[in-house]
Trainee: 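First the structure, which I've put down as structure tokens, then a few questions once you've had a look.
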Amino acid sequence: MSAVPTTADRDARRVPVRGLTVLYDAECVLCTHLRDWLARQPQLVPLTLLPAGSDEARTRFPDLDHSATFDEVTVVGDAGQVYRETAAWIVVLWALREQRPLAHRLSTPAGAKLARGAVLAAAWWRGGQGDGRSAFRRQDMDRGGAKRLGEGWRSGDGWAYEPGIGWIYDPPGCAGGVCTTG
């Protein structure tokens with residue numbers, strides 16, 4: 001499988017984004033609700049909304065891992081930029097006239113934590129809707145990135161879901177003088 005070039009490969013500072021394609025799960029109630037919401041929003045950058053894994057998506061983006069687009073939000077820029085997970089949500093908000101200031105705030109280190117929490121909350125809700133998809137990405141589960149703790153969940157990046165409390169952030173510590181960065 002060949003990789004889709006990312007923004008780092010193309011000097012993204014000089015490549016303007018003139019359009020974005022949002023790949024969404026057409027079988028997911030939350031995803032289709034968000035698709036409809038996005039379609040109603042005034043856009044500064046045009047959004048094309050395509051079902052993930054569709055024939056059109058596979059034709060337009062032959063080098064993209066289409067199975068991964070069901071597990072994580074994926075947005076593709078008109079010049080081939082690929083945004084996933086939290087970055088995908090932020091770039092979509094950036095494309096919307098009324099949400100661009102929020103996107104700028106979420107792109108800061110403190111805002112990124114909030115955005116990540118929102119992405120995890122959406123994944124948790126989606127995972128509980130009986131569509132057979134995990135609240136966390138499958139590869140995270142395989143690597144032990146998300147662990148079941150009693151009735152809650154904890155991810156490797158410090159986010160945890162505790163029933164009755166909700167999502168909490170407890171940053172990873174520095175064990176043996178080695179600190180994780182993110």
Side-chain angles (χ1 to χ4, degrees), residues 4-129 131 133-137 155 157 159 161 166-167 169 182:
V4 174
T6 62
T7 55
D9 297 330
R10 329 169 150 269
D11 192 11
R13 292 173 299 200
R14 297 185 309 147
V15 179
V17 177
R18 293 190 174 98
L20 295 167
T21 301
V22 180
L23 301 173
Y24 68 94
D25 185 347
E27 300 298 318
C28 165
V29 174
L30 177 62
C31 304
T32 56
H33 174 77
L34 290 171
R35 173 209 57 205
D36 294 345
W37 180 81
L38 287 171
R40 293 189 308 268
Q41 300 306 303
Q43 301 170 2
L44 294 172
V45 176
L47 297 177
T48 301
L49 307 166
L50 276 182
S54 67
D55 290 341
E56 186 175 351
R58 291 178 189 281
T59 299
R60 289 182 64 182
F61 311 112
D63 295 330
L64 191 64
D65 178 0
H66 289 275
S67 63
T69 63
F70 287 101
D71 291 335
E72 58 189 40
V73 177
T74 305
V75 176
V76 182
D78 62 320
Q81 309 94 324
V82 177
Y83 307 91
R84 290 190 169 90
E85 301 175 352
T86 306
W89 285 105
I90 292 171
V91 77
V92 168
L93 290 173
W94 174 83
L96 303 176
R97 184 181 71 209
E98 295 172 7
Q99 304 303 323
R100 188 166 277 189
L102 174 61
H104 286 287
R105 287 191 302 273
L106 293 175
S107 66
T108 66
K113 290 178 184 176
L114 178 63
R116 178 73 175 143
V119 169
L120 287 171
W124 182 258
W125 185 91
R126 183 175 177 225
Q129 297 308 300
D131 64 2
R133 292 184 172 85
S134 171
F136 294 93
R137 294 174 302 154
S155 68
D157 61 1
W159 284 99
Y161 177 79
W167 286 100
Y169 182 70

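Counting from 1, the numbers follow the sequence of the chain as shown.
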Trainee: Could you pull out the closest heavy-atom pair between L38 and L96, with the gap in Å?
Mentor: CD2-CD1, 3.7 Å
Trainee: For residues A52 and T69, report the shortest heavy-atom separation together with the two atoms involved.
Mentor: CB-OG1, 3.4 Å
Trainee: Mind listing the closest non-hydrogen atom pair of A57 and L23 along with its distance?
Mentor: CB-CD2, 3.9 Å
Trainee: What are the two closest non-hydrogen atoms of V75 and A88, and how far apart are they?
Mentor: CG2-CB, 3.7 Å
Trainee: Among V45, V22, L49, find the residue that satisfies the side chain to side chain contact (heavy atoms under 4.5 Å, CB included) test when tested with V92.
Mentor: V22
Trainee: Write down the atom of V82, the atom of R84, and the distance for their closest heavy-atom approach.
Mentor: CG1-NH1, 3.4 Å
Trainee: Nearest 0.5 angstrom please: I90 CD1 to R105 CZ, how far?
Mentor: 12.0 Å
Trainee: For H104, is the NE2 atom crowded, meaning more than 12 foreign heavy atoms sit under 6.0 Å from it?
Mentor: yes
Trainee: To the nearest 0.5 Å, tell me how far T86 OG1 sits from K113 NZ.
Mentor: 13.0 Å
Trainee: Which heavy atom of L47 sits nearest a heavy atom of A95, and at what distance?
Mentor: CD2-CB, 3.9 Å
Trainee: Measuring from D25:CG to L34:CG, what's the distance to the nearest 0.5 Å?
Mentor: 12.0 Å
Trainee: For W94, which of L106, L102, V17 qualifies under side chain to side chain contact (heavy atoms under 4.5 Å, CB included)?
Mentor: V17
Trainee: Check side-chain hydrogen bond (donor to acceptor under 3.5 Å, both in side chains) between R60 and all other residues, then give those that pass, not counting sequence neighbours.
Mentor: T21
Trainee: First locate atom CZ of R58, then atom CG of L50, and finally report the distance between them rounded to the nearest 0.5 Å.
Mentor: 12.0 Å
Trainee: Please collect all side-chain hydrogen bond (donor to acceptor under 3.5 Å, both in side chains) contacts where either partner lies in residues 35-54, sequence neighbours excluded, each pair once.
Mentor: Y24-R35
Trainee: For A79, is there any backbone N or O sitting under 3.5 Å from a side-chain donor or acceptor partner on Q81?
Mentor: yes
